[in-house]
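Report on the structure given below.
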Amino acid sequence: MKRRFTKQAFAALLAATVALSGLTGCNSSEKTQTSSAEASSQASAGASTDHPSWVSDKQIEVSILMMDSPNQPLKNDTPAHEEITKRTNVKLNLQIVPSSSYKDKKNILLGTNNFPDLIYLQGMDDVVTYAGSGIFEPLSQYVNEQDMPNFYKFWQQYPEMKKYLMNGELYVFPVVAREESANGFGPVIREDLLKQNNLTTPQTFDELLDVLKKLKEIYPDSVPWTTRKGTTNLLKTTAYMLGSGYDNNGLYYDYDVNGGSYVFGPASQNFKEVLSYLNKAYEAGVLDPDFATNTAEQMESKLSSGKSLFFLDNSGFGQNYTKSLRKIQGNENAVMQIIPIPENSFGQKRAMAYATELPGRFYAVNAKAKNKKEIIKFIDWMYSKEGSDITNYGVEGKSFEYNQNGEPEFKKDYVMQFKDAQPSDYYAVYSDLGITKLDWCLWACNTKTWFEIQKLTGNWDDASDEYWNIINNDKAYKQPQVNPPLTEAESEKVNDILVDINTMLEQEYNKYIMGEVPIENWDKIIAEQESMGVRELEQIYNDAEKRALEQ
Amino acid sequence: MNRKKAKNKKPQGFGSRAFDVINGILLAFVGIIMFYPMFYVFIVSISGSQYINQGQVTLFPRGINFEAYKVVFQNKAIWTGYKNTILYAAFGTFINIVCTAMCAYPLSRKDLYGRGPITVIITLTMFINGGLIPTYLVINQLHLLNTMWAIVLPPAISTYNMIVMRTSFSSIPESLIESAYLDGANDIQILIKIILPLSKPILATMTLFYAVTHWNSYFPAMIYLNDQTKYPVQVIMRDIVIQGDLSADIAGSVNVIATNYKYAVIVISVVPILMVYPLLQKYFTKGVMVGAVKG
C-alpha cells in the first residue's frame, strides 16, 4: 500500500516538474522576444520560414458571430477552417446564429456590449448607432501599407470605401467580391413562345408592351405579366428601367441626373412615365390584375404553371421556372429567358445590378478583444491571395489544385460527390468546405466558384450559359451606389420625412396604375410631397454624399 | 356519455332537432376551418414539388412521395434539435411543477403570515418585468449563458399558472390538513402526502401547459445559446421556414427552399406535442369539474 502511494506520488511529482520546466522554457523564450522587440523580428523571421503567414507564435482563438444560411449551413472546424489554422495559427470559433434570429441576437449582444472578437453586420446602420459608444475598435490606425498591405490595396482600388467612414473613422472591414458576375432586376420572358409565334425580341419598352398584348391575344387565358409583394416592389423593379427610380423607400441614386445624384423617385417628373406605362399595361390586360396583392408564392405558381409568361424581377428566378415548366407535359421546350434591357421612352437603356463589387457585408472588431494586433494581421491575411484561395477553394490537394497560371481549380473527383446534393451542388460544396461569401471570407467568391463547380458536375446547361452571357454583355446594368453615412440627427430627420410621405404615397400609386385618376394629376402629388419636405430629403443625401467623398 | 343518453330520452320537437342540425353544421364548418390549415400543411409536405409550384395541391395530395421527409431526417441539426427540445421540455417542466407547487401551497394556506402582501408582490410580476436587455445582463452575470439553465431556470414559475394552482389547493378542505397535523405530519409531508395526491388533475393540466410552452419556445434559446448543438428544434424550424422567404431577395440566389420541405419540418416538429394532448385530455375535464362537484 505504502509503496504504491510513493510510486504514484513520485510519478506525479515527475510529471509536474516536466510540465513546469516546459512552462518556464516557454516563458523565457517569450520574455526574450518581448524584451528585444527589434531583435526578435529577426528571430520570428527565422521561425516564419516554416510558417510565413503565422500571425502569432502561440495559437490564438478568434471568435466570430456569424449568420447561418439554410442553403449553406455553416459549421465549425471545416477543412477550410482547419487549413486557416495551419497557415495562420488562428483557431476560428464561429458562433453561428440562425439567419431568422440574427437581427435580434445581434442587437442584444451589441446593446449589452457582449459580443465576440468579430461580429458580422449586414449594413451600416449599427455603425451609425454604435460608433460613438466605443464598442467597436477604430480601424483607421491600421489601414496603411505597413499594417495591412493586402487590405490597403483594396482600400485604394475602391475609393467608395470612404463612405464606410463614420465621422472620419473606419469601424468595419467590408467583404470584397472576387470576380462576381452581376445580375439584377431584368425582364424575363417565355422565349419559346416568342419563337413559336414569330415574335421578335422587343428592343424598346413599347415593343415589349406590344409583344405582351399579342401573347395575351394568342393565349387569352393567360395573365402575361405577373408580380410579387405588392405595388412598392413593382415600382422597385421597374421604375429605374423606365427612367425614374424607386429604391430605399423611394429614394434612389440616378447616374443620369446632374452627373449623378440622389433623387426621390415619386417626386420627379419622370415618375409619371413609370405610372403611365404600368397603367397602359394594366388596361391592356397584360399586367396581372392582382399586382397589388400577389405574394412571392403566387408569382412562382403562376410562372411555373405557364399561366404567366413574363416577369420583371430578380432575373435569376427564370432558371427555376424553366425547370418546373419542363415537367409539364407538352412543355418540354419551355424556356424562360432574360432579354437585354429594352430602351425606355427617354431613349435610355438602364438597369440596376445587385451590388457585386462590395456586397454589403461587414465585420467589426470588438474594442475589448484580446490579441487585437494579431487579429488585424489575421484579417489582412484574409484579404491576401493565399487567404482568399483557401477561403474560396478549400484545401490544396484535397479540394483544389493550382494550374499553370497559379490560379486555383476545383478537383473534379472531390466536387462530383455533391453532384445531386440539395439544395444545389455548389451550396453543398461551400457548406462542406466552409468557404465563400456566406462563411468567414473577406475576399469572397460567389458566382465564380458556383459556375466552376456546376461546369464540373455537369449541372450547367445551355440556358444558364445564355443567361449569363446576355447579362454580362448588357451594358445597361450599373452597380448600385454605396449610400453615404448620415449623422444620427440626419437619419432621424430622413426617417420622419419618409414615413409621412410614404404613408401618403402608398394610397396613391394604385389609383394611377389602375387608371382611376388621370396621370396629369400626379403634379399635385409632387407638390404635396414638396410641402412634406421631399427636397430637403434629397438635399440631406446629396450633402452627405459630397461630405463622404471629400474625406 | 351521460349527457348523450339524457338527451336521447328527451322528447324532441322539430325546432329542437332543427337547432341540433344547424348547430352541428355550423360547428362542423368551424371545425373544418380550424382543421384545414393543419391538413393543408400535411398534404403539401407529401406532394410532388411541381404540383405545389403550380398551385394544384388544394384538397388532396398530388404526386405523393416522402422525399421531403427523407431530406429532413438527413438533416443532423433537426435530430440534435429534437433531442434538446425533449430534454429542455422534460427537465424544464419538472422544475416548473416543483417550483410552482412549492410556491402555490403556502399561499393557499390562510394562516400564512403576510399572505396578502406577498400575493400582491407576486402578482405584480405579471404586469411589470425587467425587459430584455436587463434580463440578458442578469443571465450573463450568473454565468448561465450558453447553458441549458438559461432555458429552464428563468421561466421556472408562471405567475398565472401558480395562481390557478393556488386556487385549486385552497379548495381542499382545511379539516384534512388539520387532521394530518393531529397525526403528527409536518408541512412538507402534508404537501406531498395529502395535497398533491388530491390535486392530480391540476398537476396534469399544469404539466401540459408548461410542456407546451417549453416545446414552442424559441426566443430564449435563440438569445441565450451560442452553440448550434444546443439549439432546440424550434429555432432550426423557424430558420428553415422563414428563410425560404428571405433568400429570394439575395442577389444571385436562385435556390429557394422547397415548400414541401418546409412543411415537412413543421409537421415533424408539431406532431409529438399534438400527441400529448389526447393523453392528458381526461384530466382536463376532471380538472374543471373538481371544484364544482365538491362542497
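Note on naming: letters A, B, ... go to the chains in the order of the sequence lines (proteins, then strands), and numbering restarts at 1 for each one.
A ring pair (Phe, Tyr, Trp, His ring centres under 6.0 Å) with Phe185(A) is found for one member of Tyr354(A), Tyr477(A), Tyr246(A) and no other, namely Tyr354(A). The one candidate from Ser99(A), Pro98(A), Ser101(A) that meets the side chain to side chain contact (heavy atoms under 4.5 Å, CB included) condition with Arg238(B) is Ser101(A).
Looking at Leu145(B), the atoms closer than 4.5 Å to chain A (heavy atoms on both sides) all sit in the side chain, from C-beta outward. For chain A, no part of Tyr218(B) is nearby; none of its heavy atoms comes within less than 4.5 Å. The part of Leu74(A) that comes within reach of chain B is its backbone (N, CA, C, O), which places non-hydrogen atoms under 4.5 angstrom from that chain. Within the 4.5 angstrom heavy-atom criterion, atoms from both the backbone and the side chain of Ile133(B) approach chain A. For Asn140(B), the part lying near chain A is the side chain, with the backbone staying farther off; criterion is any non-hydrogen pair under 4.5 Å.
Look at Lys236(A) and Asp247(A) and you find no salt bridge, because none of the NZ, NE, NH1 or NH2 atoms lies under 4.0 Å from a carboxylate O. Ion pairing of Lys302(A) with Asp288(A) is present here, as a side-chain N (NZ or NE/NH1/NH2) and a carboxylate O approach within less than 4.0 Å.
Pairing each heavy atom of Ser63(A) with each of Gln95(A), the nearest pair is CB-NE2, 4.5 Å.
Interface summary for chain B: among Leu94(A), Asn76(A), Asp104(A), Asp313(A), the most heavy-atom pairs under 4.5 angstrom belong to Asp104(A).
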